[in-house]
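Below is one structure; the comments refer to it alone.
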Amino acid sequence: MKQLTKLQANLFLIGGVLMVIGAGCFSFGFIYPRMLQVTCWLFLVGTVMFSIMQSMQSYEGRNLAIIRLKKIQGFADLFFVLSGINMVDTVYHFFGTLFDNQEAYITYFYNKWVVLLLIAAILELYTTHRISSELKKEN
């Protein structure tokens, strides 16, 4: 695996911390609308930082299992960013105009960031565990 530089590793860590703070505060902590506006942007910035830094950590070997796992990790990163966009939409209702009525918007799109985040987290946990075990086998 290509190692990240010190700055990239710090940005990766900061992105992960912002994701946790943003999702936790949005879900459990603050009910004031102004605080929701701040935490949704914290989460989105964290997901973008985390995803970009993780995609920069490429694999240069020939192990097909690790190559496949890195592709799955790319999908997890995409789901993280989509969950951030959906969280921002939960606060600002940007995509509400794309639906015919309010009921369809609430049924199919509003507040569905939790589902995307759950899928991304499960994929991330699986791939991280499997990549580390495959790298140990390789060495």
Side-chain angles (χ1 to χ4, degrees):
M1 294 289 285
K2 180 182 172 188
Q3 294 298 318
L4 297 175
T5 65
K6 188 89 165 166
L7 175 66
Q8 291 171 338
N10 287 334
L11 288 175
F12 182 71
L13 181 64
I14 291 169
V17 169
L18 287 177
M19 286 171 59
V20 170
I21 290 171
C25 290
F26 194 88
S27 299
F28 303 116
F30 302 108
I31 56 173
Y32 301 110
R34 187 73 179 145
M35 294 307 284
L36 290 178
Q37 292 171 354
V38 172
T39 57
C40 71
W41 287 108
L42 278 177
F43 182 75
L44 182 60
V45 168
T47 58
V48 169
M49 287 171 58
F50 182 86
S51 298
I52 289 173
M53 291 303 121
Q54 189 169 42
S55 66
M56 292 176 77
Q57 188 178 17
S58 62
Y59 176 67
E60 296 160 348
R62 294 184 182 207
N63 188 338
L64 293 178
I66 296 176
I67 293 170
R68 177 184 56 87
L69 289 166
K70 284 299 288 181
K71 288 180 183 178
I72 294 171
Q73 213 169 41
F75 281 113
D77 291 338
L78 177 66
F79 283 143
F80 276 133
V81 173
L82 288 176
S83 70
I85 292 170
N86 201 317
M87 184 187 283
V88 170
D89 179 69
T90 298
V91 174
Y92 293 101
H93 309 289
F94 292 133
F95 298 117
T97 58
L98 299 177
F99 292 87
D100 293 335
N101 57 19
Q102 189 72 16
E103 182 180 338
Y105 169 70
I106 290 172
T107 302
Y108 298 116
F109 198 76
Y110 180 76
N111 215 17
K112 300 297 188 251
W113 64 270
V114 179
V115 176
L116 293 170
L117 181 61
L118 180 64
I119 292 168
I122 290 171
L123 288 174
E124 188 70 31
L125 284 171
Y126 171 72
T127 56
T128 302
H129 173 65
R130 290 280 298 135
I131 287 173
S132 68
S133 68
E134 288 291 326
L135 287 173
K136 284 180 185 175
K137 284 182 196 177
E138 195 174 86
N139 292 335

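Nothing here was measured: the structure is a model prediction, and the numbers come from that model.
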### Query
Should F94 and Y110 be regarded as members of a common hydrophobic cluster, given that ILVMFWY residues are connected when their side-chain heavy atoms come within less than 4.5 Å of each other, either directly or indirectly?
yes

### Message
If I take atom CZ from residue F75 and atom CG from residue L123, how far apart are they, to the nearest 0.5 angstrom?
### Response
9.5 Å

#### Entry: Shortest non-hydrogen contact from C40 toward M87
CA-SD, 3.6 Å

### Query
Among the clusters formed by ILVMFWY side chains lying less than 4.5 Å apart, do Y126 and L64 turn up in the same one?
yes

### Query
So F109 and F99, would you call those rings parallel, tilted or perpendicular, with 30° and 60° as cut-offs?
tilted

### Message
For V48, is there any backbone N or O sitting under 3.5 Å from a side-chain donor or acceptor partner on S51?
### Response
no

### Task
Could you state whether V20 and I122 fall into the same hydrophobic cluster, counting links through intermediate Ile, Leu, Val, Met, Phe, Trp or Tyr residues with side-chain heavy atoms under 4.5 angstrom apart?
no

### Query
What are the two closest non-hydrogen atoms of L69 and T127, and how far apart are they?
O-CG2, 3.6 Å

### Sole residue of I14, L44, V17 in side-chain contact (heavy atoms from CB on, under 4.5 Å) with M49
I14

## Note on the structure
Between A76 and A120, the two heavy atoms sitting closest are O-CB, 3.5 Å

### Message
Does the plane of the ring in W113 sit parallel, tilted or perpendicular to the ring in F26? Use 30° and 60° as the thresholds.
### Response
perpendicular

#### Entry: Test log, rule side chain to side chain contact (heavy atoms under 4.5 Å, CB included), inputs Q57 and Q8
CA-CA 9 Å; Q57 188 178 17; Q8 291 171 338; over 6 Å; no

### Query
Does a sphere of radius 6.0 Å around CG in N101 hold more than 12 heavy atoms from other residues, nucleotides or ligands, not counting ones at 6.0 Å or beyond?
yes

## Note on the structure
Correct closest heavy-atom pair for M19 and G46 would be CG-C, 3.5 Å

### Message
Checking the side chain of K70 only, and the main-chain atoms of S55 only, is there a donor and an acceptor separated by less than 3.5 Å?
### Response
no

### Message
Using a 3.5 Å distance criterion without hydrogens, assess whether the side chain of T128 forms a donor-acceptor pair with backbone atoms of L125.
### Response
no

### Within the 6.0 Å centroid threshold, strictly below: F80 and F50
yes

### Interatomic distance, I85 atom CD1 to T47 atom OG1 [nearest 0.5 angstrom]
7.5 Å

### Query
Taking the side chain as C-beta and beyond, is there a heavy-atom pair between E138 and I66 under 4.5 Å?
yes

### Query
Just by modelled atom types, is the H129 backbone N or O under 3.5 Å from a matching donor or acceptor in the S132 side chain?
yes

### Summary
Closest non-hydrogen atoms of C25 and T39, given as atom of the first, atom of the second and distance, are CB-CG2, 3.5 Å

### Query
Just how far is it from atom CG of L78 to atom CD of Q73, taken to the nearest 0.5 Å?
13.0 Å

### Query
So how far is it from M53 CE to T5 OG1, rounded to the nearest 0.5 Å?
8.0 Å

### Side chains of V91 and W41 in contact at under 4.5 Å (non-hydrogen atoms)
no

### Query
Under a single-linkage definition using a 4.5 Å side-chain heavy-atom cutoff for Ile, Leu, Val, Met, Phe, Trp and Tyr, are F95 and Y92 assigned to the same hydrophobic cluster?
yes

### Message
Would you compute the distance between atom CZ of R68 and atom CG of N63 and round it to the nearest 0.5 angstrom?
### Response
9.5 Å

### From E134 atom CD to N139 atom CG, the distance as rounded to the nearest 0.5 Å
11.5 Å

### Query
Does anything in residues 76-90 pair up under side-chain hydrogen bond (donor to acceptor under 3.5 Å, both in side chains), and if so which pairs, sequence neighbours excluded?
D89-Y105

### Query
Do M56 and L18 belong together in a cluster built from hydrophobic side chains that touch within less than 4.5 Å?
yes

### Query
Taking it one step at a time, do F43 and L117 satisfy side chain to side chain contact (heavy atoms under 4.5 Å, CB included)?
CA-CA 11 Å; F43 182 75; L117 181 61; 3.7 Å; yes

